[in-house]
Amino acid sequence: MSSIRSSLASARGLGSAKTGVSHWWFQRVSAVALVPLTLWFVACLASQLGADYSSVTDWLSSPLQASLLAIYLAAIFFHSQLGLQIIIEDYVHHEGAKMALLIGFQLLNILLAVAAIFSVIMILVGAA
């Protein structure tokens with residue numbers, strides 16, 4: 001038997017998932033944070049242009065420079081994870097593939113972020 005209720009009537013009262021707005025805000029805040037960090041990073045790269053390895057590691061051995069680079073790397077990987085999640089959720093329609101890609105990319109982003117920040121820490125403590 002067919003129902004005369006519209007799909008809006010059956011959805012009414014269920015409420016939102018309450019995750020879209022926070023995801024949107026995290027993406028905007030991380031993008032805003034990346035603007036000055038990227039300008040700092042580009043300026044630092046320009047200042048180190050033509051320098052040898054020991055000069056660059058000496059520069060990165062500064063706690064301020066290493067901290068800013070670690071924050072920059074964390075913000076980049078966080079922002080990229082948010083963007084990849086949106087792309088996968090919007091364009092992958094098979095639920096199994098969607099879940100596998102979401103988990104896979106999140107693990108890959110975490111692995112790359114940890115490796116990058118660990119590298120900065122190793123240079124900071126002088127192990128490189």
Side-chain angles (χ1 to χ4, degrees):
M1 181 166 164
S2 175
S3 173
I4 59 172
R5 290 183 62 176
S6 70
S7 26
L8 176 62
S10 31
R12 189 169 281 143
L14 293 177
S16 70
K18 306 246 189 289
T19 59
V21 173
S22 63
H23 191 279
W24 185 86
W25 271 110
F26 282 140
Q27 199 168 31
R28 289 343 178 246
V29 169
S30 64
V32 168
L34 281 170
V35 171
L37 288 169
T38 301
L39 293 174
W40 164 82
F41 184 67
V42 169
C44 289
L45 282 181
S47 73
Q48 296 297 319
L49 206 61
D52 61 344
Y53 178 77
S54 62
S55 300
V56 175
T57 54
D58 287 344
W59 167 80
L60 193 53
S61 295
S62 159
L64 176 65
Q65 303 298 342
S67 297
L68 285 173
L69 185 56
I71 292 168
Y72 181 59
L73 291 168
I76 282 178
F77 285 109
F78 179 68
H79 186 75
S80 72
Q81 178 58 40
L82 293 172
L84 285 169
Q85 180 181 344
I86 291 297
I87 291 169
I88 292 168
E89 288 173 350
D90 286 350
Y91 295 107
V92 177
H93 301 293
H94 185 270
E95 287 302 316
K98 184 186 298 188
M99 191 57 63
L101 285 170
L102 286 172
I103 292 170
F105 277 121
Q106 187 159 16
L107 290 174
L108 180 64
N109 255 336
I110 291 169
L111 176 71
L112 291 173
V114 168
I117 293 170
F118 183 73
S119 298
V120 171
I121 292 170
M122 293 304 288
I123 290 172
L124 179 64
V125 298

- Query: When hydrophobic residues are tied together by side-chain contacts of less than 4.5 Å, even through go-betweens, does Leu112 share a cluster with Phe105?
  - Reply: yes
- Only one of Val35, Leu68, Leu45 forms a side-chain contact (heavy atoms from CB on, under 4.5 Å) with Trp40, so which one is it? Leu68
- State, without any angle test, whether Asp52 and Ser55 hold a side-chain donor-acceptor pair at a distance under 3.5 Å. yes
- Query: Given side chains that start at C-beta, do those of Leu107 and Ile103 come closer than 4.5 Å, heavy atoms only?
  - Reply: yes
- Do you reckon Leu73 sits in the same ILVMFWY cluster as Val114, going by side-chain contacts under 4.5 Å, direct or chained? no
- Message: Between Ile110 and Phe77, is there a side-chain heavy-atom distance shorter than 4.5 Å?
- Response: no
- What's the spacing between Leu124 CG and Gln65 CD if we round to 0.5 Å? 11.0 Å
- Item | Ile121 with Leu69, same ILVMFWY side-chain cluster at under 4.5 Å | yes
- Message: Quick check: closest heavy atoms across Glu89 and Lys98, and the distance to 0.1 Å?
- Response: O-NZ, 3.7 Å
- Which atom names give the shortest non-hydrogen contact between Pro63 and Ser67, and what distance separates them? O-OG, 2.7 Å
- Query: Atom CG of Leu84 and atom CG of Leu101: how far apart are they, to the nearest 0.5 Å?
  - Reply: 10.0 Å
- Joint cluster assignment, Trp59 & Ile71, ILVMFWY side-chain distance < 4.5 Å: yes
- Please check if the side chain of Thr57 supplies one atom and the backbone of Ser54 the other of a donor-acceptor pair under 3.5 Å. yes
- Task: Can you measure from CG (Leu82) to CG (Asn109) and round to the nearest 0.5 angstrom?
- Result: 9.5 Å
- Phe26-Leu34 co-clustered via ILVMFWY side chain contacts under 4.5 Å: no
- How close do Ser30 and Gln27 get, heavy atom to heavy atom, and via which atoms? OG-O, 3.1 Å
- Rounded to the nearest 0.5 Å, how far does CD of Gln85 lie from CG of Asp90? 10.0 Å
